[in-house]
Amino acid sequence: MSIGTPFDRSHTDGLMSFLAASPSPYHAVANAAARLEKAGFRQVLETESWDAAPGGKYVLRGGALIAWYVPENATPATPFRIVGAHTDSPNLRVKPVPDTGAHGWRQVAVEIYGGALLNTWLDRDLGLSGRLTLRDRSTHLVNVDRAVLRVPQLAIHLDRQVNEGLKLNRQRHMTPVWGLGESREGDLLRFLAEESGLPAEEITGWDLMAHSVEAPSYLGRDRELVAGPRMDNLLSVHAGVAALTAVALDQAEPGTIPVLAAFDHEENGSQSDTGAEGPLLGSVLERSVFARGGSYEDRARAWAGTVCLSSDTGHAVHPNYPERHEPGHHPLPNGGPILKVNVNQRYSTDGSGRVLFAAACERAGVPWQSFVSNNDVPCGTTIGPITAARHGITTVDIGVAILSMHSARELCGADDPWLLANCLTAFLDG
């Protein structure tokens, strides 16, 4: 089973549309859910009883989504095959008292979310997106996808040493402008209420963020690269949805239960009710076992056979900074997904995990690469070690090699999204 073909780029075209339509984690899970619904999945609510019916199901909570497909032949002890990913990306998030300004400029107060490359947010046209919550606790998506904000950089004439090292103060220098005049309390919410058709007086909660309004695009002489926002890690979310729906629509009955777990808050440690360190995944899997009449013994047996591929982006070798990379491991765009290894458990991959990943790539006919950090450069981490430690399941960290990670606009190979999706499909179908 494969996702499209590697030459027509239809999967990558779909990724670009998904990125453009998903400026916030809330939009990302809504769009993922819509794609699952088209494949026959149905939403189940955490507040209601779950049944044992086979088929595709999903749970939405905030900016997180857990989806799974129960085959006809599933037993209470059937193990799971999980693709893990995350929906959030580093960005600028609106503060509780957003209306601010100085010296005749109207501005929006923001807080830095995650490990953003701050300079990439300078002099960039920004929109506003996220969710608004009304007094009745109903939530509504909002997306002002046009240039309404901008973080202006100081002119070189006023900072002659800027090219010798830009230093940005997160509090003073990152506040975007959105107009002229005196700042008035409630201006931003009134504006967003008008944009979304909601009564301003009913909006009592919000989770809002800035996003670049520049569309994703192919890049390079031969269009072999893709530039776009939020590839870390909506690229993996999109590939996971494609893989899960492909397995669900296949006529064969897999010997495992395929799962997509797309978490929020990975970029700030995953410690939330929608993050990988929270109870959401474990709760969903347990309820699935118990809904099929399973016992604690069945749950333990299912966990023992469960495997997770934690799919997050990794670092492609940078041609201008090769010394920052491990000399023997130089992943390249369009070289296939990368296996991420760190013996200090910043990644959870071990030798047995390598075998599982290599087998999935072999079944899919997909090339793959290895990544390990330079010993002099601290290694990042992701949801893999958290998933392994919290749930006690075999977990392997993989991903797609990109440049400009945590930038407002990142870069990957145009074929790698398709290669990843096929690897994940073979894994879930295994």
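Keep in mind that the numbers below use all heavy atoms, side chains included, and drop hydrogens, waters and symmetry copies.
- Side-chain atoms of E224 and Y218 include no donor-acceptor pair closer than 3.5 Å.
- Taking 4.5 Å as the limit, every side-chain heavy atom of V29 sits out of range of all side-chain heavy atoms of Y58.
- A donor atom on one side chain and an acceptor atom on the other are not found under 3.5 Å apart for H329 and S370.
- With hydrogens and angles left out, the side-chain atoms of N233 and S236 include a donor and acceptor closer than 3.5 Å.
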Listing, residues 380-389 side-chain donor-acceptor contacts under 3.5 Å, not counting sequence neighbours, or none:
unit_1	atom_1	unit_2	atom_2	d
T381	OG1	R346	O	2.6
T382	OG1	D312	OD2	2.8
T387	OG1	I383	O	2.8

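- With no hydrogens or angles considered, a side-chain donor-acceptor pair links S138 and D136 at under 3.5 Å.
- Between L198 and H140, some side-chain heavy-atom pair lies under the 4.5 Å cut-off.
- Taking a cutoff of 4.0 Å between a charged side-chain nitrogen and a carboxylate oxygen, D415 and R9 qualify as a salt bridge.
- With 3.5 Å as the limit, one finds no donor-acceptor pair spanning the side chains of D232 and S89.
- A ring-centre distance under 6.0 Å is found for W368 and F357.
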Q: Please lay out, stage by stage, how E46 and R61 fare under the test salt bridge (Lys or Arg N to Asp or Glu O under 4.0 Å).
A: CA-CA 9 Å; E46 294 183 82; R61 185 193 289 182; 2.5 Å; yes
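- Using a 4.5 Å heavy-atom cutoff, the side chains of D207 and Y26 are in contact.
- A salt bridge links E286 with R299: at least one charged nitrogen is closer than 4.0 Å to a carboxylate oxygen.
- Using a 4.5 Å heavy-atom cutoff, the side chains of W178 and F191 are in contact.
- Using a 4.5 Å cut-off on side-chain heavy atoms (C-beta onward), E410 and L403 make no contact.
- L208 places a side-chain heavy atom less than 4.5 Å from the side chain of L192.
- The aromatic rings of F41 and Y69 are tilted relative to each other, their planes meeting at an angle between 30° and 60°.
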Q: Applying salt bridge (Lys or Arg N to Asp or Glu O under 4.0 Å), run through E201 and R190 and close with a yes or a no.
A: CA-CA 9 Å; E201 65 276 8; R190 284 189 289 271; over 6 Å; no
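- H27 and N143 are not linked by any side-chain donor-acceptor pair at a separation below 3.5 angstrom, with hydrogens and angles left out of the test.
- Exactly one residue among T274, L234, D264 makes a side-chain contact (heavy atoms from CB on, under 4.5 Å) with P25. That residue is D264.
- Ion pairing between a basic and an acidic side chain is recognised when a charged N comes within 4.0 Å of a carboxylate O; R124 and E214 show such pairing.
- Relative to the ring axis of W303, R301 does not place its NZ or CZ within 45° and under 6.0 Å from the centre.
- The pair R42-D51 counts as a salt bridge, with a side-chain nitrogen and a carboxylate oxygen less than 4.0 angstrom apart.
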